[in-house]
There are 2 protein chains.
Amino acid sequence: MLPAQPNQSLIEGIRCLQALSLSEKPLRSIEVSRLLKVESTKAHRLLKTLAHLGLVHQGGNRKFQVGPGLPVLVAQSLYSAPLWRSMVDPLQDLQRQIPSCKVEVGMCWEGVVSCFYCSEPGMPASWAMGRVDMQMATRSAIGLALLSCCSQEKVEETFIGRPIPGFSRGLPSLVKELRTIRSQGYALIPDGQSGERFSLAVPQEDKLYALALSGDLSKEDIPELVQLLQHTLELLYSAHNN
Amino acid sequence: MLPAQPNQSLIEGIRCLQALSLSEKPLRSIEVSRLLKVESTKAHRLLKTLAHLGLVHQGGNRKFQVGPGLPVLVAQSLYSAPLWRSMVDPLQDLQRQIPSCKVEVGMCWEGVVSCFYCSEPGMPASWAMGRVDMQMATRSAIGLALLSCCSQEKVEETFIGRPIPGFSRGLPSLVKELRTIRSQGYALIPDGQSGERFSLAVPQEDKLYALALSGDLSKEDIPELVQLLQHTLELLYSAHNN
DNA sequence: ATATTTAAAGCTATAAAAGCAATAAATGCT
DNA sequence: AGCATTTATTGCTTTTATAGCTTTAAATAT
C-alpha cells in the first residue's frame, strides 16, 4: 500500500486537515503545530498552502478551519460520476423490500464512520443520497463490518492509546469481536436501548463501504437478510464498476 | 494568502484528489498523470501516498477513486465541533419564519457549490444538516453570492477557458453580474422554469459560506428578506465564533 | 502604551522529491 | 494459450524543495 517513496509533505498536510476537522473551534497555526508536534514554521506553511488551495479557510481572526474544498470534493465525487448515483436504484429497491428498516451505506476512516446514503422509512429518494453523518466506528455495524476487513495491526494502530467507544474492556475485546465478524461475514449489534432493534451490516468486496439495515430484526431472519444485503452489494458494485 | 514557501507536493497531491473526484470512473495512475500533465512516477507516488492515508481508495483492479477519508473529514468537521451544529437552531428559526421556502447554506470552491444544510418545507430538522449536494456555482444564488466576494482575477482564473454554465456569453457577462451582486450585497436569480420562483442568497462576512432562500419570492419583499438573511447570518457567525 | 505571543519571511544545510532507467506485473491481442 | 504492449513499481542519482533556525513584523494581551 505504502509506496517505496511516500510523499512526506502530503502526509503532514493531511494531518493538518485532520487536526482542524477534529477541533472544536478554529485554530491558530501555532496550535496546530503543537497538536501535531511539528515545528511551527512548517505547520504554518502547510496551513497557508491548504488555505490557498481552499481546503482550509482562514477567518478574519487568522484562525484556520476546514474550508470549502473538502465538501465540494465529496459532493463532486458523489454527483459528477455516474458511479455513486447509480447506487440509488438498487438501494431504493432494497428499501422497498424491507420497508420498516433504515438503510445506510457508509465508509470508515480512522475509527470514524460516515454514511453517505441513509434512507429512513418514508423518506423520499432524493433526500437519502448525499448525506454525511458521523458515528464512531466501534458503535456502528457498518464500522465494525469494515474494521473486520482490516488487518489486526491496522486496527491496533488506529485504537491504541485511546478509549474505544462501546468496548470498555479495551483493544483485546474489540479484536476478538472483529474476528467473529470476519468469520461470519457480517456485523450484528443492538441498535438503541430497546432489545428489539438491531443493526446488521455487510462489507463490500472492495472493503470501501458497507451496507447496513437497522430496525426490528429477528434472529431467525438474519441469514436471509445477509444474503439480501450481499446481493444488493453485488448490484452496487457492478453498477459502478462497469 | 499564498505563503512565501508554499508546499508544492501538497498542491500536487490535492490536484490528484481533485482529478479523481471529477472523474466519471476510477482512474489508473497513468491516467491521472496524463490528466494533470505530471510525470507518471510522481503521480503514482502521490496516489499511493493518498491511498495509504485513506483519502483515496485503490480497488482490486488497481484503479484509484476517492476514498473514505474525505467524507469522514467532512462529517467530522460538521459534527465533532459545536461549530456547525450550533447553526441548526438559527436556521430552523428562519425556516419557521418563511415556512414555504427552501433554506440552504453552502460553500463554493473552484466553481462548484456544495450545500451542507438544506431544509425543504416540512423536512425534519435532523435531515437538513449533514447534506452534501452539488450545483454549478454560476447557476446557484449561493455560488454567485460567494463568487461576488472573490477578486476579479480569482474569478477569471477559475473560469477561463471553459464554458460557464448559465452565462453562455462568457466571462465578461459573469464579471458584470458579479459586480452588480457585490454592490447590492445579495444574489437573486430565477429558480427553475416558472417565473414565480426565485433564489436569494447573501454571503457571510467571512466569505466562507452563503445562506439562501428559494421559493415564491415577490420583488417587493426582497429588501426585507435580505435583512432577515443578514440577521440570521450574524446569529450563525456568533454561534460558532465565540 | 508596553510586553508577550504569534505570524511571516529570509536564508542555508539537508533531506526528500524528481525523473531516468530497469524490472515486474497486467492487460490486450492474435 | 502465448506474445506484445502497456502500466505499475522499485532503485538510484541529481537536483530542488523543504526544514528549521534566525529575524522582523504584526497581533493580542496586560
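In what follows, every chain begins at residue 1, and chains take the letters A, B, ... in the order their sequences are listed.
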- Message: Could you measure the distance from the CG atom of Leu36(A) to the SG atom of Cys16(A)? Nearest 0.5 Å is fine.
- Response: 5.5 Å
- Message: The side chain of Arg34(A) is closest to which nucleotide in this list: dC20(C), dA19(D), dT6(C)?
- Response: dT6(C)
- Could you tell me the separation between the NZ atom of Lys42(B) and the P atom of dG11(D), rounded to a whole number of Å? 21 Å
- Expressed in angstrom and rounded to an integer, what is the separation of Gln5(B) atom CD from dT16(D) atom P? 15 Å
- Item | Under-4.0 Å side-chain N/O to phosphate OP1/OP2 contact, Ser29(B) with dA8(D) | yes
- Task: Verify the contact: side-chain N or O of Ser9(A) to OP1 or OP2 of dA17(C), cut-off strictly under 4.0 Å; return yes or no.
- Result: yes
- Residue Arg45(B), side-chain atoms from C-beta onward, closest of dA18(C), dA8(D), dG20(D): dA18(C)
- Lys25(A) and Gln65(A) side chains, donor-acceptor separation under 3.5 Å: no
- Query: Can you check the Leu46(B) CG to dA17(D) C1' distance for me, whole Å?
  - Reply: 14 Å
- Item | Value in whole Å for how far the P atom of dA18(C) lies from CD of Gln8(A) | 13 Å
- Task: Between Leu2(A) and Val38(A), just flag the one whose closest nucleotide in DNA chain D comes earlier from the 5' side.
- Result: Leu2(A)
- Is the backbone N or O of Ile181(A) less than 3.5 Å from a side-chain atom of Gln184(A), with the two atoms forming a donor-acceptor pair by type? no
- Is there a donor-acceptor pair closer than 3.5 Å between any side-chain N or O of Arg85(A) and the backbone N or O of Tyr79(A)? yes
- Message: Return whichever of Arg62(A) or Ile30(B) has its heavy-atom-nearest nucleotide of DNA chain D closer to the 5' end.
- Response: Ile30(B)
- Query: To the side chain of Glu39(B), which of dC20(C), dT7(D), dC21(D) is closest?
  - Reply: dC20(C)
- Item | Rounded distance (Å) that lies between atom P of dT27(C) and atom CD of Glu31(B) | 12 Å
- Give the rounded distance in Å between these two atoms: CZ of Arg28(A) and P of dA8(C). 10 Å
- Query: Are the side chain of Glu12(A) and the backbone of Ser9(A) linked by a donor-acceptor contact shorter than 3.5 Å?
  - Reply: no
- Query: In terms of the nearest nucleotide of DNA chain C, which residue is placed more toward the 5' end: Thr41(B) or Gln58(A)?
  - Reply: Gln58(A)
- NZ of Lys48(A) versus C1' of dT18(D): gap in Å, rounded? 18 Å
- Query: Would you say His44(A) reaches dA8(C)'s phosphate, i.e. side-chain N/O to OP1/OP2 under 4.0 Å?
  - Reply: yes
- Message: Could you tell me how far apart Leu10(A) (CG) and dA15(C) (C1') are, to the nearest whole angstrom?
- Response: 17 Å
